[in-house]
Amino acid sequence: MSLSPKQLPIWQWLTVACVLAMVLLTMLWELWLSPLYPGGSWLAAKALIMLLPLRGLLHGRRYTFQWYTMFVLLWLLEGIMRAYAEQGLGQVLALLQVVLAVVSYASANLYAKYSRPSLLAQYAEQQSAS
């Protein structure tokens, strides 16, 4: 299987699904499953920050995918730190966050790479010639 611009919807929706999964994971993690403080904590509000790029991701804006790849690294680092520092369920949730962040990072990078205008024009030429 070779990668091409016709796979852009796959990378877009995979990125969006990972963002929504990380928001849900953060809310469940910080409020009920394994909060840092008993009864939940204000760290659940960081899930709202993850919603910032959602509109651009849903609309397929290349620039949003580009800056999102830097933005999601914060969640990757947090997941790595908490996987190292926590035990039990908290550690499992942190590892899940790491997996979601890596998949999200990779899919956003692929979307940004294959949605560049020069490649889309070249792909359109090939499609019209065949």
Tell me which donor-acceptor pairs under 3.5 Å the side chains of residues 89-96 have, and how far apart each pair is, sequence neighbours excluded?
unit_1, atom_1, unit_2, atom_2, d
Q91, NE2, A83, O, 2.8

Please check if [X] and [Y] belong to a single hydrophobic cluster, counting links between Ile, Leu, Val, Met, Phe, Trp and Tyr side chain heavy atoms closer than 4.5 Å.
| X | Y | answer |
| --- | --- | --- |
| L36 | M22 | no |
| V19 | I10 | yes |
| L52 | L100 | yes |
| L20 | L58 | yes |
| L74 | L43 | no |

Just how far is it from atom [atom1] of [X] to atom [atom2] of [Y], taken to the nearest 0.5 Å?
| X | Y | atom1 | atom2 | value |
| --- | --- | --- | --- | --- |
| W11 | L8 | CH2 | CG | 10.0 Å |
| M27 | M50 | CE | CE | 13.5 Å |
| M70 | L73 | CE | CG | 9.0 Å |

[X] to [Y] - nearest heavy-atom pair and separation:
| X | Y | result |
| --- | --- | --- |
| A44 | T26 | O-CG2, 4.4 Å |
| V23 | A47 | CG2-O, 3.6 Å |
| V103 | C18 | CG1-SG, 3.6 Å |

- line: Here the ring-ring contact (aromatic ring centres under 6.0 Å, His included) pairs for residues 78-115, sequence neighbours left out, are F65-Y111
- prompt: In the hydrophobic clustering (ILVMFWY, side-chain contacts below 4.5 Å, transitive), which residues join W42, or is it alone?
  reply: none
Inter- and intrachain pairs under salt bridge (Lys or Arg N to Asp or Glu O under 4.0 Å), touching residues 50-72, at least two apart: none
field: From CA spacing to verdict: side chain to side chain contact (heavy atoms under 4.5 Å, CB included), R116, K113
entry: CA-CA 6 Å; R116 66 183 188 270; K113 178 179 180 178; 3.6 Å; yes
task: Kindly write out the residues that satisfy side-chain hydrogen bond (donor to acceptor under 3.5 Å, both in side chains) with E78, not counting sequence neighbours, or none if the list is empty.
output: K46, R82, Q97
- prompt: What side-chain hydrogen bond (donor to acceptor under 3.5 Å, both in side chains) pairs are there with at least one residue in residues 63-75, not counting sequence neighbours?
  reply: Y68-S104
task: Show your working on side chain to side chain contact (heavy atoms under 4.5 Å, CB included) between V72 and L76 and close with a plain yes or no.
output: CA-CA 6 Å; V72 75; L76 176 65; over 6 Å; no
